[in-house]
Trainee: 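Got a structure for you, written out below as structure tokens; questions coming shortly.
We use all heavy atoms of the structure for the numbers below, so side chains are in, but hydrogens, waters and symmetry mates are not. Counting starts at 1 for both ligands and their atoms, in listed order.
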Amino acid sequence: MERHVETMTFSVEQAKQVMATQCPFCSVQCKMEVVEDRSGRRPTYQVTAIPNKASEGRLCVKGMNAYQHAVSRERLLHPMIRKNGKLTQVTWEEALEAVSSRLSGLQAEHGAHAVGLYGGGSLTNESAYLLGKFARVALRTQYIDYNGRFCMSAAASAGVKTFGIDRGLTNKLSDIPLAECIILAGTNIAECQPTLMPYFTRAKENGAIIIVIDPRVSATASIADVHLQVKPGMDAALVNGMLKVIFDEKLIDEAFIKSRTKGFAEVKEHVDSLDLGEMADITGVSLDLIRKAAISFGKARTGMVFTARGVEQHADGHMAVRNFLNMVLATGKIGKEGCGYGAVTGQGNGQGGREHGQKADQLPGYRLIENPEDRAYIAGVWGIEPEELPGKGVSAYEMMELVHSRDIKGLFVMGSNPIVSNPNAVLVEEALERLEFLVVADMFLSETAKLADIVLPVTSYLENEGTMTNLEGRVLLRPAGRPAPGEARHDWQILCDLAYWLGKEKYFTFRQAEDIFNELRMASRGGIADYYGITYERLRKEEGIYWPCPSLDHPGTPRLFGERFAHQDGLAVFQSVDSQSPAEQPNHEYPLYMTNGRMLSHYLTGVQTRRSPVLAAREVENILEIHPSTARKYRLEDGVLASVQSVRGTVIVRAKVTSDIREDTLFIPMHWGDAQNVNRATPALLDPNCKMPDFKTSAVKVQPLAEYLREEQEKGLMKE
Ligand SMILES: Nc1nc2c(c(=O)[nH]1)N[C@H]1C(S)=C(S)[C@@H](COP(=O)(O)OP(=O)(O)OC[C@H]3O[C@@H](n4cnc5c(=O)[nH]c(N)nc54)[C@H](O)[C@@H]3O)O[C@H]1N2
Ligand SMILES: Nc1nc2c(c(=O)[nH]1)N[C@H]1C(S)=C(S)[C@@H](COP(=O)(O)OP(=O)(O)OC[C@H]3O[C@@H](n4cnc5c(=O)[nH]c(N)nc54)[C@H](O)[C@@H]3O)O[C@H]1N2
Ligand code: SF4
Ligand SMILES: [Mo]
């Protein structure tokens, strides 16, 4: 039995397909037009940037080439089931029947929570919302989480605690050029949100002082007036040092602190007790530079702070962000023109993906699954009893631990490649191999999909209509431009199909993305992330609307906190922050820090960008950034293969010797799997406040690969 779903009907024989779309990669969501011309022997593609408020008509190299993976021959076109060890093409009917019967079988035998769902921040709002509903209503499992746990959880939880709300940027992008001082902490905008760089260079042209905090001279650091080359994991201490200078120099905004915040006295007392020299010592940043940065920020009339994963992906990421927010509050730099804070969101729908219920503890509209009123409201929208809603599950990596311990026996992955992107990847691979049943919905046979029992082909951004919420909290409608290739289906469509097979179709009667959005509007109504006033019709006319937007005549909310913060009493909350890092520290055997991150031309685990010929050719394999004197010390020359080992595992990468990195630190990008996967070495240490893993600090040793292999061989011989 097939359900009726509205699909694109235009003719594929048409010679020219003009697709108005937006880039599937990062959180800027640059708009573009892709023209597919099928008149020649082979189709050709032309990409043009379309001006919109965020990108102002710019595209980076990833956006220019994003059509390449979408039209790749490696796209999955049919459902597949593993038969005799091999993934074999089957009909949708066979695949859906098998998924539903295996999941219900595991639940019948071991209870509802024997199966888990794992989502992603690339999904549209509609699919992300439906995945959350599918977990709670169709499967009734408490186990659902998503890759945004690794991305936004530290900043999001800090925003909620300090401001009472988490929205990536508290201001419009157009406020950036009005700031007199800008702190870019652990954010490499030049490579990760390249089309936003002109906002910062414009600020610089207007005379702004730019402070970059990064262990590397990153591409972004090239515009810095002050570069604090901090030791990995020491941002919290660095900000304590800066706060001390700001207090000593009396650069605080007393009126703002008094009328708009609480908890200042405690922070003041804590910071007063600290020794500035010690802060310089433990952070590896000179006293002079700490002073210079603090005074520049404190004295500026307007200013903004941006943090991203360099600050956040730590066992104290939540607290490190809170310390940056302490500095924003102490100097009164928020809620007005040219001021504000930005947690630079990562994935295309990293913002929307965290608002509508993919997270273990959340329901749509940023409601909480443990709050009785929130449960009652959402149960009402979904037409079930509140008691039928499961409770709170666990975070993404903790779910992998439950898979490893065989408590979770079946897993459904939609929009993530967890085997590469989880920390402690060796254990995660072992865990996924232990699963009784793994289903992966993807466009490609990712490293995770290769292990699956069933693989379901999904549509790409060019084919899938839906809304995405960009880093500013602006909701954008992305139309579909071409029909689905082969038998690929939309994520939301697969969830509706499965609900049908599970006998839950009455809760999933959607025929098009807009129907789901209309339910999402109701579900988010009155919540923190209120989308009620946003409709497809408005989005078509208005080019994007900032949430909260509580009614149809509401214009949306570009700047937050002008009058009050989102806590009940309207006040923002200070929090004193410890300077000690809980991270793994270098020791005799593993003497170096290893941190990691991104390169311009690849995206996340590289499943998409490694399938784009132009992007793949720019960086063909993983590298290791290492300082010349460190390279000498460990007998490494530029261009040789190296092994980087932690107690957990080994990564094999090609050395790139550069003086743009601290001597005690190595840097490895995250875009490759298998032996080149940096997460083989990263620790499973989680931030207690938000369960963000400490991706960015591992203690490692490095040596030439040849030497490592010889040693391994000798060890093997000894064992024999
Ligand atoms: N090209 C490209 N762009 C992307 C992505 C991509 O994969 N490729 N991914 C998108 C996603 S999902 C995300 S989350 C964002 C991520 O965007 P970013 O967070 O900007 O990217 P990263 O490279 O992970 O980290 C940023 C910087 O933090 C520094 N860093 C490392 N450790 C520390 C530390 O302890 N303290 C400080 N202060 N800095 C440190 C690194 O050297 C790096 O330059 O990018 C988005 N955009
Ligand atoms: N060491 C280290 N590890 C990290 C990080 C780091 O900085 N350092 N960063 C972390 C961060 S911030 C993030 S966001 C994660 C991301 O890590 P992942 O969640 O693994 O992200 P991707 O590599 O984008 O994988 C997404 C998968 O979904 C598929 N996909 C893309 N679009 C869609 C869609 O619309 N529907 C479906 N069904 N599938 C789709 C892609 O083909 C790909 O296989 O990695 C985290 N891991
Ligand atoms: S990767 Fe980001 S900055 Fe580059 S084109 Fe895509 S959305 Fe824009
Ligand atoms: Mo991310």
Trainee: What protein heavy atom is closest to atom 25 (O) of ligand 1, reported as residue, atom name and distance in Å?
Mentor: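 Checked against all protein heavy atoms, atom 25 (O) of ligand 1 sits closest to Lys696 CE, 3.8 Å.
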Trainee: Tell me which part of Met64 gets within contact of ligand 3: side chain, backbone, both or neither, using heavy atoms under 4.0 Å.
Mentor: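 No part of Met64 comes within reach of ligand 3.
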Trainee: If you measure every N or O of Arg216 against every N or O of ligand 1, does any of those distances drop under 3.5 Å?
Mentor: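 N/O-N/O distance below 3.5 Å exists for this pair.
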Trainee: Who's the nearest protein heavy-atom neighbour of atom 39 (N) of ligand 2, and how far?
Mentor: Gly415 CA, 3.3 Å
Trainee: Please report which non-hydrogen protein atom sits nearest to atom 45 (O) of ligand 2, along with the residue it belongs to and the distance in Å to one decimal place.
Mentor: Ser421 CB, 3.3 Å
Trainee: Please confirm if an N, O or S atom belonging to Cys30, backbone or side chain, lies less than 2.8 Å from atom 8 (Fe) of ligand 3.
Mentor: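 For Cys30, the answer is yes, given that an N, O or S atom comes within less than 2.8 Å of atom 8 (Fe) of ligand 3.
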Trainee: So which heavy atom in the protein is nearest atom 2 (C) of ligand 1, and how far is it from that ligand atom?
Mentor: His602 O, 3.3 Å
Trainee: Whether the Tyr341 and Thr307 side chains hold a donor-acceptor pair (N or O, under 3.5 Å, no angle test) is what I'd like checked.
Mentor: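 Distance-only check passes for Tyr341 and Thr307.
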Trainee: Name the closest protein heavy atom to atom 20 (O) of ligand 1, giving the residue it belongs to and the distance to 0.1 Å.
Mentor: Asn188 N, 2.7 Å
Trainee: What is the closest protein heavy atom to atom 31 (C) of ligand 1, and at what distance does it sit?
Mentor: Thr595 OG1, 3.1 Å
Trainee: For Asn679 and Ser421: C-alpha separation, side-chain torsions, deciding distance, then whether side chain to side chain donor-acceptor pair (under 3.5 Å) applies.
Mentor: CA-CA 7 Å; Asn679 280 321; Ser421 51; over 6 Å; no
Trainee: What protein heavy atom lies closest to atom 6 (Fe) of ligand 3? Include the residue and the distance to one decimal.
Mentor: Cys23 SG, 2.3 Å
Trainee: Kindly compute the distance separating OG1 (Thr697) from CD (Gln313), expressed to the nearest 0.5 Å.
Mentor: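 Separation between the atoms: 10.0 Å.
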Trainee: So which of Gly310, Cys192, Pro215, Ala155 gets nearest to atom 17 (O) of ligand 1, if we judge by its closest heavy atom?
Mentor: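 When every heavy atom of Gly310, Cys192, Pro215, Ala155 is considered, Cys192 comes closest to atom 17 (O) of ligand 1.
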Trainee: Can you tell me if Val420 contacts ligand 2 (heavy atom of the residue under 4.0 Å from the ligand)?
Mentor: no
Trainee: Taking 2.8 Å as the cut-off, does Cys60 contribute an N, O or S atom near atom 4 (Fe) of ligand 3, distance below it?
Mentor: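 So Cys60 does bind atom 4 (Fe) of ligand 3 by this criterion.
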Trainee: Given Ile419, Ile494, Thr682, Asp442, which one has a non-hydrogen atom that is nearest to atom 43 (C) of ligand 2?
Mentor: Asp442
Trainee: Within the 4.0 Å heavy-atom shell around Phe25, which atoms of ligand 3 are there?
Mentor: 1 (S)
Trainee: Do ligand 2 and Asn417 have nitrogen or oxygen atoms that lie under 3.5 Å from each other?
Mentor: yes
Trainee: Quick one: does ligand 2 sit under 4.0 Å from the side chain of Val678, the backbone, both or neither, non-hydrogen atoms only?
Mentor: side chain
Trainee: List the closest protein heavy-atom neighbour of atom 30 (N) of ligand 2: residue, atom name, distance to the nearest 0.1 Å.
Mentor: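 For atom 30 (N) of ligand 2, the nearest protein heavy atom is Met443 CE, 3.7 Å.
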Trainee: Side chains of Arg354 and Gln351: donor-acceptor distance under 3.5 Å anywhere?
Mentor: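 Looking only at side-chain atoms, Gln351 and Arg354 do form a donor-acceptor pair, the distance falling under 3.5 Å.
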Trainee: Would you please say whether a donor-acceptor pair under 3.5 Å links the side chains of Asn52 and Gln22?
Mentor: no
Trainee: Can an N or O of Ala441 be found at a distance shorter than 3.5 Å from an N or O of ligand 2?
Mentor: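 There is such a contact, yes.
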Trainee: Under a 4.0 Å heavy-atom limit, does Val607 contact ligand 2 with its side chain, its backbone, both, or neither?
Mentor: side chain
Trainee: Look at ligand 2 and say whether Gly120 reaches it with a heavy atom at a distance under 4.0 Å.
Mentor: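 No, Gly120 has no heavy atoms under 4.0 Å from ligand 2.
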Trainee: Note the single closest protein heavy atom to atom 26 (C) of ligand 1, along with its residue, its atom name and the distance in Å.
Mentor: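 Result: Gly186 O, 3.4 Å.
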Trainee: Decide whether Ser27 and Gln347 meet the rule of one side-chain donor and one side-chain acceptor closer than 3.5 Å.
Mentor: no
Trainee: For atom 29 (C) of ligand 1, grab the closest protein heavy atom and report residue, atom and distance to one decimal in Å.
Mentor: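 Looking only at protein heavy atoms, the one closest to atom 29 (C) of ligand 1 is Asp214 OD2, 3.2 Å.
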Trainee: Can you confirm whether the side chains of Gln585 and Tyr593 place a donor and an acceptor under 3.5 Å from each other?
Mentor: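 Short answer, yes.
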Trainee: Pick one of side chain, backbone, both or neither for how Asp235 approaches ligand 1, counting any non-hydrogen atom pair under 4.0 Å.
Mentor: side chain
Trainee: Purely on distance, is any nitrogen or oxygen of Asp491 under 3.5 Å from one on ligand 2?
Mentor: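 The answer is yes, given that Asp491 and ligand 2 share an N or O pair closer than 3.5 Å.
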Trainee: Are any N, O or S atoms from Cys26 nearer to atom 6 (Fe) of ligand 3 than 2.8 Å?
Mentor: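 For Cys26, the answer is no, given that no N, O or S atom comes within less than 2.8 Å of atom 6 (Fe) of ligand 3.
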Trainee: Can the ring centroids of Phe25 and His69 be said to lie less than 6.0 angstrom from one another?
Mentor: yes
Trainee: For the 3.5 Å polar cut-off, considering only N or O atoms, please tell me whether Asn679 and ligand 2 meet it.
Mentor: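 For ligand 2, there is an N or O atom that lies under 3.5 Å from one belonging to Asn679.
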Trainee: Taking atom 6 (C) of ligand 1 as the point of reference, which of Gln229, Met234, Arg598, His314 owns the nearest heavy atom?
Mentor: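 It is Arg598 that holds the nearest heavy atom.
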Trainee: With a sphere of 6.0 Å drawn around CD of Glu33, does it hold more than 12 non-hydrogen atoms of other residues, nucleotides or ligands?
Mentor: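 Correct, the count exceeds 12.
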Trainee: Please round to the nearest 0.5 Å and tell me the distance separating atom CZ of Arg680 and atom CD1 of Ile652.
Mentor: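 Arg680 CZ to Ile652 CD1: 8.0 Å, rounded to 0.5 Å.
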Trainee: Does Thr459, backbone or side chain, put an N or O under 3.5 Å from an N or O of ligand 2?
Mentor: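 No, Thr459 has no N/O under 3.5 Å of an N/O on ligand 2.
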Trainee: Answer yes or no for Arg58 and Tyr199: cation-pi contact, defined as NZ/CZ to six-membered ring centre under 6.0 Å and angle to ring axis within 45°.
Mentor: yes
Trainee: If the cut-off is 4.0 Å to any non-hydrogen atom of Pro194, which atoms of ligand 3 fall inside it?
Mentor: 3 (S)
Trainee: Within less than 4.0 angstrom of ligand 2, does Met152 place any heavy atom?
Mentor: no
Trainee: Which of the numbered atoms in ligand 3 are below 4.0 angstrom from a heavy atom of Gly63?
Mentor: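 Those atoms are 5 (S).
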Trainee: Between Phe695 and ligand 2, find which residue part has any heavy-atom pair under 4.0 Å and reply side chain, backbone, both or neither.
Mentor: side chain
Trainee: Considering only the protein, which heavy-atom contact is closest to atom 11 (C) of ligand 1, and what is its distance?
Mentor: Gly346 CA, 3.2 Å
Trainee: Heavy atoms only, cut-off 4.0 Å: how does Met670 contact ligand 1, side chain, backbone, both, or neither?
Mentor: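 The answer is neither.
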Trainee: Indicate whether the side chain of Tyr118 and that of Asn422 have a donor and an acceptor atom separated by less than 3.5 Å.
Mentor: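 Judged by distance alone, the side chains do pair up.
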Trainee: Among side-chain atoms of Thr467 and Glu126, is any donor-acceptor pair under 3.5 angstrom?
Mentor: yes
Trainee: Students should be able to answer this: which protein heavy-atom is nearest to atom 7 (O) of ligand 1, and at what distance?
Mentor: Leu604 N, 2.6 Å
Trainee: Distance check, rounded to the nearest 0.5 Å: Leu96 atom CG versus Leu456 atom CG?
Mentor: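 So the gap between those two atoms works out to 7.0 Å.
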Trainee: Could you find the nearest protein heavy atom to atom 8 (N) of ligand 2 and give me its residue, atom name and distance?
Mentor: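 Here the nearest protein heavy atom works out to Asn596 OD1, 2.7 Å.
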Trainee: Name the option, out of Arg680, Arg309, Gln313, that contains the heavy atom nearest to atom 10 (C) of ligand 2.
Mentor: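 Comparing heavy atoms across Arg680, Arg309, Gln313, the nearest one to atom 10 (C) of ligand 2 lies in Gln313.
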Trainee: Which is it for Ser446 and ligand 2 at heavy atoms under 4.0 Å: side chain, backbone, both or neither?
Mentor: side chain
